[in-house]
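Computation of the quantities below employed the complete heavy-atom set of this structure, encompassing side-chain atoms and omitting hydrogens, waters and symmetry-equivalent molecules. Sequence lines set the chain letters: A, B, ... in the order given, protein chains first and strands last, and positions in each chain run from 1.
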Amino acid sequence: MDNATVSKILNDISVLLELKDENVFKIRSYQKASSAIEHLAENLSDIYKKGGREALENIDGIGSGLSERLAEIFDTGRSAYLEKLHKDIPESVVEMLGIQGVGPKLVAKLYKDLGIKSVKELLSAARSGRLKELDGVRDKKIENIIKGIESFEKLDKKRLLGEVLPYAEKLLGSVRSHKKTLDAMICGSLRRMKETIGDIDILAVSEAPGDLAGYFTDLPQVKRVIAKGETKSSVILENGMNADLRIVDELNFGSAAHYFTGSQQHNIKIRKLAISKGLKVSEYGVFKGRKRMPGGTEGDLFEILGLQFIPPEIREDSGEVEAAMKGSLPQLIELKDIKGDLHMHSDHTDGEVPIEQMAAAAKRKGYEYIAITDHSKSTTVAGGLDEKEIERQIKEIDGLNKRLKDFRVLKSIEVDILKDGALDLEDGILSKLDIVIASVHSHFSMPPEKMTERIVKAMRNRFVSIIGHPTGRLIGRRAPYELDMEKIMDEASRTGTALELNSYPDRLDLNDIHCRLAKAKGVKVAINTDSHSPSDLSHMRYGIGTARRGWLTKKNVINTLSLNDLTLFIGEKRKNKSF
DNA sequence: GCCGTTTTCGGCCCGACTGTTTTCAGTCG
């Protein structure tokens, strides 16, 4: 069983406990454990297999009670506790929690006192006025419930980072354009560069907070105002997303940015650490008794607590606070470290423009090299290239390289890994290329052992320098193919093969957790865009964000190397005649 | 349910906004 599944079971339990009005700290324990497991690089099931319940209890947030629940999950594949909780509360009741402004207390009352079991039943009860039978529910509340249900479905959906970030940046631009705005930034999961985003958080400093709040809630893209105050406003946007604007004094900008960036688990950890030092942390600063400690930046906050600056992307309470205490945080990779892009398509296959235009676009980005990696013949839908067409492309690129100054186009191919792990092209033609990416584009549903063996076999070809989008997932549309990632990584490390972090917004494959595992296993990563047009080159920042979430440094990533060193890396593997 | 350089029991992050309230609970992040 994978960590995501276990994490979800614990989270589901916490939600049901909330509806049962259980002890809030018990609920928080389940939430904390769920989050800890979600961000774990190693497979929890393996940890249990190797070290039993004792090994589980070594993980922060897991004690004897939870280790027992987890042991049952691993031993039997299910949780009797969750099933028992679910007997009292059907899934359709839980779904009502997704409505803005409807929380566990209200859902419990709706279900228990009125027998309302679903969003649909809630809507008709709201319209008929039956909700007034409940204590503390009056006209305004009913009106909000109806409005909440109207945007319920859209709100529920998480969206891709690559969709939301550009949209949020426009919104940020609007906030910044207000005359009284002194400063503004994006916070929340967007700043942490999570692969999917639930809502948009913007923090601002303004000379006239009331004016700015009014301006924000009146923006044309705002569909509905949920809350509007001097310091906090919340709206639903025309695209169905939730956006919050928080306005603070300049003095508090840093501590508010920290608080507003999260994650929640990270904030709790930081605030607990502060308490242990006799301090208090809130969005208004660090306090000793009533006295506010000097300094207003995020850096100051960390410094007062005796911590290194923790980059937003790794604020998940997955070891970053402990590392910052010891001063052992890594220097995370940055966009400017990238010297080239090793996965892009041209109009020879399914790309939109000629090679020369892709090269020009990459050069404008300040890159030193790119690889043109068109598809191979098996990928017929994309017009994959056969040997003759590759020979022609080689000649074209050789010609182009003679004309380009201080830039190099690497001759390459994204070769298909066939069903049995063989490659779509013979070594003879591969050897004429500068670098080769091998990817799976067919037969996605295979037993995990078979899929693992298939990719391992491809890695054993000395011409394969990179495995493209290793899990094949399309976020929200296609599950990753099942494989033994640890085995793949061990083999990648052994053969000197890099794994790709594909930056395409719906791929981000490897994901953040995989990146951390790759780092631990000494596997090199290639952060590529898989660009099909010049504008796709800008997707690199999503790959960098994911890499940073996975604690990667410049040294872990091959396309931070100079062309010369990259060539050495490729050559090193090619020296081996067999694996 | 977790956790412990004061504690194995008694704590557990902190604050804004809304609606229904005469002092606060519920929700959200």
Quick one: [atom1] on [X] to [atom2] on [Y], what's the gap to the nearest 0.5 Å?
X        : Y        : atom1 : atom2 : value
A:Ser234 : A:Asp244 : OG    : CG    : 4.0 Å
A:Leu273 : A:Leu307 : CG    : CG    : 5.5 Å
A:Leu212 : A:Glu230 : CG    : CD    : 10.5 Å

Using a 4.0 Å heavy-atom cut-off across all strands, classify [X] as base, sugar-phosphate, or nothing.
X        : result
A:Val24  : nothing
A:Ser233 : nothing
A:Tyr30  : sugar-phosphate
A:Ile62  : sugar-phosphate
A:Asn23  : base
A:Ile27  : nothing
A:Lys280 : sugar-phosphate
A:Lys228 : sugar-phosphate

Do [X] and [Y] sit within salt-bridge range, that is, some charged N less than 4.0 Å from a carboxylate O?
X        : Y        : result
A:Lys132 : A:Asp139 : yes
A:Glu169 : A:Arg541 : yes
A:Asp46  : A:Lys50  : no
A:Glu18  : A:Lys26  : no
A:Arg548 : A:Glu334 : no

Original post:
Are more than 12 heavy atoms from other residues, nucleotides or ligands located less than 6.0 Å from atom NZ of A:Lys117?
Top reply: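 No, because the 6.0 Å sphere around NZ of A:Lys117 holds 12 heavy atoms or fewer from other groups.
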
Any side-chain N or O of [X] less than 4.0 Å from the OP1 or OP2 oxygen of [N]?
X        : N      : value
A:Ser234 : B:dC17 : no
A:Arg138 : B:dT18 : no
A:Asn144 : B:dG19 : yes
A:Lys141 : B:dC17 : no

Original post:
Does A:Arg315 make a cation-pi contact with A:Phe309 (under 6.0 Å, within 45 degrees of the axis)?
Top reply: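 Ring-cation test returns yes.
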
In whole Å, what separates the [atom1] atom of [N] from that of [M]?
N      : M      : atom1 : result
B:dG19 : B:dT23 : C1'   : 14 Å
B:dC12 : B:dC17 : P     : 25 Å
B:dT20 : B:dC28 : P     : 16 Å
B:dG10 : B:dA16 : P     : 31 Å
B:dC14 : B:dC9  : P     : 25 Å
B:dC2  : B:dT7  : C1'   : 14 Å
B:dT5  : B:dG1  : C1'   : 24 Å

Original post:
Among A:Arg507, A:Arg549, A:Lys158, A:Arg473, whose salt bridge (charged side-chain N to carboxylate O under 4.0 Å, His left out) with A:Glu195 holds?
Top reply: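 Result for salt bridge (charged side-chain N to carboxylate O under 4.0 Å, His left out) with A:Glu195: A:Arg473.
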
Subject >> For A:Glu316, the option from A:Arg516, A:Lys194, A:Arg192, A:Lys269 that meets salt bridge (charged side-chain N to carboxylate O under 4.0 Å, His left out) >> reply: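 With A:Glu316 as partner, salt bridge (charged side-chain N to carboxylate O under 4.0 Å, His left out) holds for just one option, A:Arg192.
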
For the pair made of [atom1] in [X] and [atom2] in [N], what is the distance, rounded to whole Å?
X        : N      : atom1 : atom2 : result
A:Gln31  : B:dC2  : CD    : C1'   : 14 Å
A:Ile200 : B:dG29 : CD1   : C1'   : 15 Å
A:Leu279 : B:dC14 : CG    : C1'   : 15 Å
A:Asp199 : B:dC28 : CG    : P     : 11 Å
A:Ile275 : B:dG15 : CD1   : P     : 10 Å
A:Asp135 : B:dT21 : CG    : C1'   : 12 Å
A:Gln264 : B:dA16 : CD    : P     : 16 Å
A:Glu68  : B:dG1  : CD    : C1'   : 12 Å

**OP:** Starting from the 5' end of DNA chain B, give me the residue, A:Ala227 or A:Ser64, whose nearest nucleotide shows up first.
**Re:**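 Residue closer to the 5' terminus by nearest nucleotide: A:Ser64.
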
Subject >> Residue closer to the 5' end of DNA chain B, A:Lys32 versus A:Arg271 (nearest nucleotide) >> reply: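 Looking at the nearest nucleotide for each, A:Lys32 comes out on the 5' side.
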
Consider the side chain of [X], meaning its heavy atoms from C-beta on, and name the nucleotide among [options] that approaches it most closely.
X        : options                : value
A:Asp60  : B:dC17, B:dC2, B:dC3   : B:dC3
A:Ser282 : B:dC14, B:dA16, B:dC28 : B:dC14
A:Lys232 : B:dT27, B:dA16, B:dG1  : B:dA16
A:Lys272 : B:dA16, B:dC12, B:dC17 : B:dC12
A:Glu283 : B:dT27, B:dG15, B:dC17 : B:dG15
A:Phe260 : B:dG29, B:dT18, B:dG1  : B:dG29

Subject >> Donor/acceptor link under 3.5 angstrom from A:Tyr259 side chain onto base of B:dG15 >> reply: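 Under the 3.5 Å cut-off, the side chain and the base do not form any donor-acceptor pair.
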
Original post:
Does any residue of residues 305-323 of chain A have a heavy atom under 4.0 Å from DNA chain B, and if so, which ones, in number order?
Top reply: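 The answer is none.
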
Original post:
For B:dT8, which nucleotide is its Watson-Crick or G-U wobble mate, given both distances must be under 3.5 Å?
Top reply: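 The base-pairing partner of B:dT8, which may sit in any strand shown, does not exist here.
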
Subject >> side chain to side chain donor-acceptor pair (under 3.5 Å) partner of A:Tyr215, chosen from A:Ser233, A:Ser177, A:Ser174 >> reply: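 Testing A:Tyr215 for a side chain to side chain donor-acceptor pair (under 3.5 Å) against A:Ser233, A:Ser177, A:Ser174 leaves exactly one candidate, A:Ser177.
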
Nucleotide N/O of nucleotides 23-25 of chain B paired with protein N/O under 3.5 Å:
none

